[in-house]
Amino acid sequence: MKKDTIKILIAEYQQKIANVSFVERPYTMEDKLNYVFVGLRRVGKSYLMFQQVRHLISTGHSQEELLYFNFEDDRIASLDTDDLDLIKVCYEEMYNHKPIFFLDEIQIVEKWEKFARRLADQGYRVYITGSNARMLSSEIATTLGGRYVIRNVFPFSFREYMNLSGIDCSDKNVVYRHQTDITKSFESYFRFGGLPEVVQLSDKRTWLSSVYQRIFFGDLISRYQIRNDYALRVLIRKLAESVKQPTSFNRLANIVSASGKKISTDTVIDYLGYLKETWLVLQVENICAKLAEKESNKKYYFVDNGILNLFLIEPVTSLLENLVAIRLRQLYGEDLYFYQRGVEVDFYVMDIQLAVQVSYSLSDPETRSREVNALLKMAEQIEVKSMMIITKDEEETVESDGYSIQVVPAWKWLLSGQ
């Protein structure tokens, strides 16, 4: 790239980032640390950068100190590692400040992590975004050498969604004052998810479909040079249809092959890795399975309900469990499992020994008995301190065998902060 082009972009980006409108999110950052923000496309990683920009300016930093660069800008296609150094050189020719780096979607540039480490070693403050979880692979984590804090960025929580809708959920009486508005908003959040831009749109489904197509063709087919795009489409659809059930690699390979495009188990394993790396899906293991089964027989959930809903005909039970999975992963990270040994319990948080069932309704006596008994039988085999059944609308406390099982509507649980 030419220096003149880089200098023009640096100046242009400085004007842009100081004037961007954004919704402040509850992500706190230490001023002296370097950060890598990772997450699904359109989840709002760049806006967390802009939030930090606003914070730095409010605490006395000048606009000229900020060196923002968007590596998805089509004017800077085909950058290489040498160009990263050139960006730094161009800035130093323009200003006398020591820059604070904001590097947006830098994973597009090969060997970016070496540049990031060098900046940290030289004492620069750096903020990085990326849509690819390979940024967290063991090799790259070793290269970064503990110099960066990794922040996983999720779609809006329901609390954030409500705040954006004008209802302050920090008020402990909000449920009593705004229950009708809350339950109405929950229906939209439930079906169309929490990607920030979708909140204000009228045609949410069309926009979500366009986001998915960009993920599919840009973050999957193009990035990983996948030739069998039909097989990948079928695999994604099958994962969407089976979010509530553990699914083995072999079974997925057989289902995809039966659709007309033969695919090997090894290829399925590769494709599932790509889906995780692009943050389209998250996986949950069986807490009581042996190592081989833990790896080969997992549950897969979508990181956003709106994208999952694109594939479902009768979505409500799947969307409810998927929504709970997203929130539990956001709250507890990799400490989330399911339990399957004789009975199945949807989720288990090991650190706090919380067992969670998800059931759209407990009005059917058979369903009620099945969900409660599964929790009680699990508690005979593994330590459980608290039990919960999350429903669509129902609320009560079930007392059985010395346990109190809290039955709570999903919208209320999501607002509780648990």
Side-chain angles (χ1 to χ4, degrees), residues 38-43 131 133 136 152-158 189-195 198 208 211-212 215-216 219-220 232 235-249 251-252 255 268-269 271-287 289 294-340 344-350 354-360 388-392 410 413-414 418:
V38 293
L40 184 70
R41 182 185 287 269
R42 312 308 298 175
V43 80
S131 299
L136 301 184
N152 297 329
V153 184
F154 286 83
F156 276 168
S157 68
F158 186 50
Y189 181 75
F190 176 69
R191 294 177 182 275
F192 299 109
L195 293 179
V198 81
L208 285 164
V211 171
Y212 170 70
I215 294 170
F216 185 82
D219 297 338
L220 290 167
L232 181 61
L235 176 63
I236 293 171
R237 183 170 294 279
K238 182 56 190 176
L239 291 175
E241 292 172 353
S242 58
V243 292
K244 295 177 295 186
Q245 293 89 33
T247 308
S248 71
F249 298 145
R251 183 166 183 269
L252 287 170
I255 291 171
V268 165
I269 293 171
Y271 284 3
L272 289 170
Y274 302 156
L275 294 175
K276 182 183 177 184
E277 287 170 357
T278 55
W279 289 83
L280 189 62
V281 302
L282 57 89
Q283 60 190 32
V284 180
E285 297 176 350
N286 184 0
I287 184 67
K294 270 191 169 84
E295 288 299 316
S296 64
N297 198 43
K298 302 177 182 181
K299 285 187 176 184
Y300 298 91
Y301 297 94
F302 282 63
V303 172
D304 182 72
N305 258 33
I307 292 178
L308 170 61
N309 198 19
L310 294 172
F311 304 100
L312 302 178
I313 297 174
E314 297 180 357
V316 290
T317 56
S318 295
L319 289 178
L320 185 61
E321 185 167 326
N322 196 78
L323 192 61
V324 173
I326 296 167
R327 184 57 178 161
L328 288 172
R329 176 56 62 85
Q330 187 175 17
L331 289 171
Y332 302 109
E334 298 293 328
D335 194 40
L336 179 64
Y337 300 87
F338 70 94
Y339 176 90
Q340 189 179 56
E344 183 176 327
V345 173
D346 296 323
F347 301 107
Y348 178 68
V349 182
M350 185 164 59
L354 167 67
V356 179
Q357 287 284 60
V358 181
S359 179
Y360 194 82
M388 180 182 298
I389 301 175
I390 298 175
T391 67
K392 183 63 162 49
W413 173 73
L414 290 169
Q418 297 181 37

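Atom CG of residue L235 and atom CG of residue L275 lie 6.0 Å apart, to the nearest 0.5 angstrom. Taken from CG in L323 to CH2 in W413, the straight-line distance is 7.5 Å, to the nearest 0.5 Å. With rounding to the nearest 0.5 Å, the separation of CG in D346 from CG in L320 is 9.5 Å. L331 contributes atom CG, which lies 10.0 Å from atom CG of L336 (distance to the nearest 0.5 angstrom). N322 contributes atom CG, which lies 5.0 Å from atom CG of N305 (distance to the nearest 0.5 angstrom).
Between F347 and V358 the shortest side-chain heavy-atom distance falls below 4.5 Å. V43 has its side chain out of reach of V303: every pair of non-hydrogen atoms, C-beta onward, lies at least 4.5 Å apart. Residues I287 and M350 have side chains in contact (heavy-atom distance under 4.5 Å, counting atoms from C-beta outward). Here the side chains of L280 and D219 are not in contact, with every heavy-atom distance at 4.5 Å or above.
Annotation: F158 is in aromatic contact with Y189 [ring centroid separation under 6.0 Å].
Not counting sequence neighbours, F249 has no partner by the ring-ring contact (aromatic ring centres under 6.0 Å, His included) test.
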- Message: Assess the residue pair Y212 and F311 against the criterion (ring-ring contact (aromatic ring centres under 6.0 Å, His included)); give the C-alpha distance rounded to whole Å, side-chain angles, the decisive distance to 0.1 Å, and a yes or no.
- Response: CA-CA 11 Å; Y212 170 70; F311 304 100; 5.1 Å; yes
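Within a 6.0 Å radius of CZ in R42, other residues, nucleotides and ligands contribute 12 heavy atoms or fewer.
The backbone N or O of A289 lies less than 3.5 Å from a partner atom in the side chain of K294, making a donor-acceptor pair.
A salt bridge links E334 with R329; the closest basic N to acidic carboxylate O contact falls under 4.0 Å.
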